[in-house]
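Just so we're on the same page: letters track the sequence lines, and every chain starts at 1.
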2 protein chains.
Amino acid sequence: MNIVVVGAGMAGTMLAIRLARRGHRVDVVERRGDPRGTNGPDAASISVGLSERGRAALRDIGLLDEALAKAVPMRGRIVHHSGRVTYQPYGADDTEVLHSVRRHDLNIALLDAAESVPRVRLWFGHRVTGLAGTEVRTPARTFSADLVVGADGAYSTVRTHLHRRVRAEFHQTHLDWGYREFTIPAVDRPEALHVWPSRRGLVVAHPNPDGSLTGTVFLPFDGDTGFSGLRDPARAGAFLAEEFGDLTDLVPDLVKQFLAHEPGSLVSVRTAPWQHDRVVLIGDAAHAVFPFYGQGMNAAFEDCAVLDACLAEHALGDALAAFEARRRPHTDVLAELSARNFVELRDRVRSPVFLARKRIDFALGRLLPGWRTLYEMISHSSLPYGDALARARRQDRVLGGLAGLGGVALLAAAWRKRSGRC
Amino acid sequence: MNIVVVGAGMAGTMLAIRLARRGHRVDVVERRGDPRGTNGPDAASISVGLSERGRAALRDIGLLDEALAKAVPMRGRIVHHSGRVTYQPYGADDTEVLHSVRRHDLNIALLDAAESVPRVRLWFGHRVTGLAGTEVRTPARTFSADLVVGADGAYSTVRTHLHRRVRAEFHQTHLDWGYREFTIPAVDRPEALHVWPSRRGLVVAHPNPDGSLTGTVFLPFDGDTGFSGLRDPARAGAFLAEEFGDLTDLVPDLVKQFLAHEPGSLVSVRTAPWQHDRVVLIGDAAHAVFPFYGQGMNAAFEDCAVLDACLAEHALGDALAAFEARRRPHTDVLAELSARNFVELRDRVRSPVFLARKRIDFALGRLLPGWRTLYEMISHSSLPYGDALARARRQDRVLGGLAGLGGVALLAAAWRKRSGRC
């Protein structure tokens with residue numbers, strides 16, 4: 001059939017490749033210009049963590065090796081805290097890694113791959129202005145299709161048109177915290193996710209292939225110690241030094257970079273239905289999540305695999321409904337976990353009680369075969385999000401029981417003996 | 001200043017009149033044609049209940065008498081139930097009435113009044129396609145303004161543009177019940193709101209000046225006894241007769257009318273902020289509510305009075321923020337009450353416990369000076385919605401206390417003695 005995919009980002013290109021290989025003709029219509037003509041990324045987030053879900057989807061289309069060639073493995077998290085540096089390995093063994101990839105590199109690899117499939121055509125600089133049935137209108141051209149896929153992001157135009165046809169639930173929330181990105185020239189042990197927790201903000205950094213890191217500082221928008229209160233270089237410098245200690249030594253021009261751009265905002269979108277009468281949403285258009293579980297792109301790639309499978313198994317109308325039924329419960333869970341993880345990162349990362357529980361949970365992951373923390377199941381497996389949460393809840397009940405039996409002290413001791421620190 | 005109001009519905013015309021009288025120039029830009037050229041209503045709801053809030057706003061602009069000339073007073077509710085007919089007066093005395101008005105009549109009265117103010121210009125058939133700063137674009141013309149007001153309803157275009165500029169909260173929910181309107185030729189005692197509660201649906205009817213009533217049947221969209229399961233005339237006829245008894249006697253062609261149109265949907269919209277940089281939302285664009293408290297239009301009229309007052313008291317930037325701060329908490333309460341009232345109407349209207357409590361509350365309203373039910377305060381006063389809810393909660397605690405002291409029986413007895421039935 002003829003398929004129009006709106007949006008040539010991660011999800012749109014991944015899906016176009018899969019559907020064209022099944023024999024469909026796919027037109028990918030993208031508002032922006034071809035990013036391959038430009039020198040660098042203009043996307044919202046410069047570096048992202050590719051987890052097992054995303055790797056599985058890339059493996060499916062034969063693009064994993066190419067993607068990993070430009071990626072940096074992250075085997076754990078390095079926490080910079082009050083001048084101390086702590087290493088927390090991600091998984092029970094070295095197979096459980098995340099890969100830091102530049103969004104720009106991965107998008108280009110996907111575009112090149114899409115263009116090499118005969119039945120895919122890419123249309124850059126075509127902004128969708130209307131959707132009539134499955135006819136997609138842009139100022140220069142009208143595309144007729146049997147199926148329209150909205151892969152056009154959190155502020156999706158396809159979704160806006162879909163909402164005129166159905167009784168849609170739509171919930172959009174913005175965090176009152178924003179983010180700014182900056183570059184860290186080099187650090188010791190770059191092959192990890194670096195985190196600078198603080199009382200009033202958070203910095204996360206992903207390693208790049210050239211040894212530098214891409215840092216992101218998260219702060220409230222408002223207040224004296226938020227972005228709006230830190231416009232003065234002296235104030236910003238004093239604040240960053242106080243909150244993030246060694247970061248100011250690592251990045252000599254931190255203040256300059258901090259003040260160079262307006263902060264970005266963080267949006268979460270939940271909607272239903274995702275599909276109606278031969279129009280379907282995937283990725284951020286269907287379920288934009290806060291970035292605090294590092295799963296946005298990985299979830300979008302999983303959407304592509306699930307939608308592809310549903311289209312192969314069912315007739316078109318049933319396929320879209322099956323896709324939504326199979327997928328939405330899990331992305332709803334991811335949205336919830338991503339929002340909760342922000343609160344955790346903000347409020348609890350320095351709480352002794354919370355850390356003790358995390359450590360015990362983590363230690364159990366090493367002691368008991370089959371025991372996996374929720375974070376591990378989300379990040380290092382392809383177990384559907386909802387199933388991962390259900391299993392974590394069962395484990396939590398066991399953990400509560402153990403604690404009641406005084407097992408905590410024993411397990412904590414076991415953890416102290418076995419866990420690696422640096 | 002120059003003001004563009006988008007939307008020539010109830011809220012837009014009411015506001016245009018007020019602002020022009022303050023000396024501002026107001027352009028009202030409306031997507032549809034002039035309704036005065038047509039013979040009947042095309043709006044979603046044909047008849048609405050004008051309550052004290054709405055009357056106060058019409059009184060302010062000198063239009064109350066003209067509006068009431070075409071209205072039918074409703075002094076109470078007539079409940080048709082299992083062949084019995086019960087009368088429940090609305091208020092403690094005859095001053096507490098609602099007025100049934102045809103939306104079409106009231107809109108035309110407002111348009112005529114707006115057109116008679118020299119500084120108001122009405123632009124019909126101009127669809128807004130863009131908003132750049134405070135420049136409002138339509139295909140035929142661009143309007144430059146110092147202030148843009150979005151009075152363009154639950155699916156507001158101005159809101160869509162505003163949301164591109166701010167980190168907006170936006171929550172849109174559709175009820176899984178829909179509605180269809182029909183005409184009831186005549187009934188005994190038409191000067192009341194007529195209600196047919198049933199186990200699986202609800203019918204409400206407003207009297208018209210010609211003695212007929214405009215009925216609205218509310219049913220689930222899905223299921224055997226929902227709109228989708230009742231497309232067959234025989235099935236629909238049997239269902240309507242079973243659920244709404246005497247209604248089928250009163251309306252010989254009920255089934256035909258029931259099947260003549262697709263059911264309408266019911267949407268609730270909550271958003272924040274309402275304003276940013278000289279653009280502000282009012283009425284349904286800011287806070288569409290379910291119709292089950294009969295307050296949508298009345299609340300929109302109140303918005304106009306509050307915004308008008310804020311613009312008179314403050315400089316522009318402060319005025320819009322003051323309007324939102326003063327008004328939004330109250331419409332949030334209204335949204336909540338309107339959603340709860342649906343559940344109450346659907347599930348509890350036939351519950352003896354619920355009815356007993358309602359009756360006691362109502363009886364107290366007659367016995368104790370100053371005691372007013374929440375419904376009375378919402379429908380028959382101009383007390384802000386949030387203040388009404390707070391007062392009802394205080395009363396609820398007293399009612400709980402009285403019940404504990406065995407006061408219920410006494411009060412119920414008092415009520416039985418005093419309440420009028422028919």
Side-chain angles (χ1 to χ4, degrees), chain A residues 31 44 127-131 137 139 152-180 218-223 226-228 262-274 276-277 285 288 290-291 321 335 339 342, chain B residues 31 44 127-131 137 139 152-180 218-223 226-228 262-274 276-277 285 288 290-291 321 335 339 342:
Chain A
R31 185 169 55 87
R127 186 171 57 88
V128 172
T129 52
L131 187 67
R137 292 184 187 148
D152 51 347
Y155 301 99
S156 168
T157 300
V158 174
R159 186 181 63 218
T160 302
H161 288 281
L162 183 69
H163 281 182
R164 294 187 190 148
R165 302 182 189 178
V166 288
R167 300 188 304 273
E169 293 290 303
F170 181 56
H171 302 280
Q172 168 184 302
T173 305
H174 281 90
L175 221 54
D176 52 2
W177 284 40
Y179 70 95
R180 256 185 212 152
F218 296 93
L219 291 177
F221 278 105
D222 299 326
F227 284 113
S228 64
E262 284 300 298
S265 62
L266 300 165
V267 68
S268 180
V269 168
R270 196 159 52 79
T271 192
W274 286 0
H276 176 75
D277 192 18
F290 294 135
F342 166 69
Chain B
R31 185 169 57 85
R127 186 171 56 87
V128 173
T129 52
L131 187 67
R137 292 185 188 147
D152 50 345
Y155 300 100
S156 169
T157 300
V158 174
R159 188 180 63 218
T160 302
H161 287 282
L162 183 69
H163 280 181
R164 294 188 190 147
R165 304 181 190 176
V166 289
R167 303 188 303 272
E169 295 291 303
F170 181 57
H171 302 281
Q172 168 183 304
T173 305
H174 282 90
L175 221 55
D176 53 1
W177 283 40
Y179 70 95
R180 254 185 215 154
F218 296 93
L219 291 178
F221 279 105
D222 299 325
F227 285 114
S228 65
E262 283 301 299
S265 61
L266 300 165
V267 67
S268 178
V269 167
R270 197 159 51 80
T271 191
W274 285 1
H276 176 74
D277 192 17
F290 295 135
F342 166 69

(request) Could you look at Leu266(B) and say if it's the side chain, the backbone, both or neither that has a heavy atom under 4.5 Å from chain A? (result) neither
(message) Taking atom CZ as the centre, does Arg127(A) end up with more than 12 heavy-atom neighbours from other residues, nucleotides or ligands that are less than 6.0 angstrom away?
(response) no
(request) Mind checking ring-ring contact (aromatic ring centres under 6.0 Å, His included) for Phe170(A) and listing every partner two or more places apart, or none if nothing turns up? (result) His163(A), Phe170(B)
(request) Drop me the distance from Arg167(B)'s CZ to Leu175(A)'s CG, to the nearest 0.5 angstrom. (result) 9.0 Å
(request) Could you tell me which non-hydrogen atom of His171(A) sits nearest to which non-hydrogen atom of Thr173(B), and how far apart they are? (result) CE1-OG1, 3.7 Å
(request) Using non-hydrogen atoms and a 4.5 Å limit, figure out which bit of Ala168(A) sits close to chain B: side chain, backbone, both or neither. (result) both
(message) Using 0.5 Å steps for rounding, measure from the CD atom of Glu169(A) to the CD atom of Gln172(B).
(response) 8.0 Å
